[in-house]
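Take a look at the structure set out below.
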Amino acid sequence: MQLKGSDEDGFGIEIVLQQGDRKPPSCVHGPTLLFEKVCKGEEGRRFYACSACRDRKECPFFQWEDDKVSEARLLAREEENRSKMPPFTHQQYCSRFRKFLALPLGRRFCQDCQLLLLPGEWEIHASHKMSQADDITEARLSRPSLMLKPLENKKSNAQYLFADRSCHFLLDTLAKLGYRKVLCVGTPRLHELIKLRNQEGKSDPMKSLLLDIDFRYAQFYGQDEFCHYNMFNHHFFGGEAASGVLRAFLGEEDGEKVIMVSDPPFGGLVKPLAHSFSQISETWRKLQTSEGSVVEMPIVWIFPYFFEPRILECFPSFTMLDYQVDYDNHPLYKHGKTGRKQSPVRLFTNLTPRDIVLPREEGYRFCKVCERYVWSGNKHCTKCNLCPSKDGRVWKHCSECQKCVKPSWRHCQSCARCALPDHPCGNSPGLEGCFNCGSLKHKRRACPLKDKRRTDNKSKAKGGRNLPKQPRKSNSKRKSGAQRRANKLKKMTE
């Protein structure tokens, strides 16, 4: 399921954040999300689909919003969801871990099943690939991210783990700013480093709680250190007990400053992520007892720079910093490379930018005008009065567009904008306008008449009028996006 705002054929899928008490159906990843299939000139139809997987091969759940599901089907769905849950509860995993640590010799870790094995299970896994007993030391067990094989499915929950450089920078920065509690949402390596530093005792102790959809970490962390969590729908698989762990962690009884650091999958939709983070922030705000407490919870959201407009649309108070986050197991996202091969991942935060000191030895400098640290190649533009570069390259100012653009772009008189030299001329963004009302000033997503039209149609249906049926679409396979774009360009040149 490819989720876009719209494409060249006037087709798109939008996410709809539900209001009210209506509960969505659930798949194995928790409550589903409501989407709307939008076709130009037609009223959209809504459906429920998995919140975590973008490919129905990974999670086949699909249900139209107006479908009536039988009791038998609901029971079968619940049974299927239970069958796909982890083999043990978190409490059972904790009990197994204590027994595992007590083993004198012969510790075994099944690499195929990604499971710490107790002696009674050795025979069952005898044909599987095992880690050497000498490698499973207590020091090794304190770094589970090195033992567990990273998930690699890019259409569901691919895992990219912070490189040591980025991880130490983040933790050093948070410690200097006085934070002693870190809520690690999808950042297992940061959680791991906090625990390691606490064991070393060389710095002030910090508390951390890991929220992650990878249940394998339940083997290594207690119930007050890890919660099995889906950040796309704010779902705790452990139920009320697990959400109570979050509330206890966010509480202000000890007066320690709390900050949330999240590194979501890059293919994830911004809107549901922002909704979940807002719910965590609201929980934190309600737990504050001091009268002068700030409204927003301190947050660091780690995401590629090209998502900046969408993130700022959800969190206007955020600022994107120039710091390049890199990962151990990503082939391209490495700090220091040039052009498109450098890491595009940045920090988005509501912290004061000037307070986050980026390391000069890695190529960052302080801009006195912008009052923040920027990449050395991000030259301040006196006309725009800011350091405009987003991707680490030196951007140039276009007097006709009255803004700075990427160095590879050129101003096109036909399109009245800057674009790549080989762009399809005349195909400027916004020419298609709004699917709903036809206005060129906005897209359907921001149309003020969108919800009114749907309400009017529902009222007509309730009043007994028969709504005109939409023409049945062909069952033939839809052409690929590349083929549709090629066909459209061909029509434009004819």
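Remember, predicted model here, so these are calculated numbers, not experimental data.
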When you check the gap from the basic side-chain N to the acidic O, do [X] and [Y] get nearer than 4.0 Å?
| X | Y | answer |
| --- | --- | --- |
| E282 | R285 | yes |
| K84 | E79 | no |
| E14 | R46 | no |
| D322 | K390 | no |

Taking the six-membered ring of [Y], is the NZ or CZ of [X] close enough (under 6.0 Å from the centre) and on axis enough (within 45°)?
| X | Y | answer |
| --- | --- | --- |
| K181 | F249 | yes |
| K257 | Y179 | yes |
| R96 | F88 | yes |

Does the [X] side chain pair with the main chain of [Y], one donor and one acceptor, at a distance under 3.5 Å?
| X | Y | result |
| --- | --- | --- |
| N233 | H235 | yes |
| Q219 | R216 | yes |
| Q114 | Q111 | yes |
| R108 | L117 | no |
| D263 | T187 | no |

* Just do the ring-ring contact (aromatic ring centres under 6.0 Å, His included) check on H191 and Y217 with the steps written out, would you? => CA-CA 11 Å; H191 177 69; Y217 284 100; 8.4 Å; no
* To do: Using the six-membered ring wherever Trp is involved, compare the ring planes of F266 and Y160 and label them parallel, tilted or perpendicular (cut-offs 30° and 60°).
  => parallel
* To do: Please work out which of the three classes, parallel, tilted or perpendicular, describes the rings of F318 and W301, given edges at 30° and 60°.
  => perpendicular
* Is there side-chain contact between L33 and H275, with heavy atoms separated by less than 4.5 Å? -> no
* **Pairing residues for Q223 by the side chain to side chain contact (heavy atoms under 4.5 Å, CB included) criterion, not counting sequence neighbours** => H90, Q91, C94
* Of I280, I299, I259, which meets side chain to side chain contact (heavy atoms under 4.5 Å, CB included) against L183? -> I280
* Looking at F348 versus F303, is the centre-to-centre ring distance below 6.0 Å? -> no
* To do: Go through the steps for Y229 and F237 under the test ring-ring contact (aromatic ring centres under 6.0 Å, His included), then give the verdict.
  => CA-CA 6 Å; Y229 173 77; F237 293 89; 8.5 Å; no
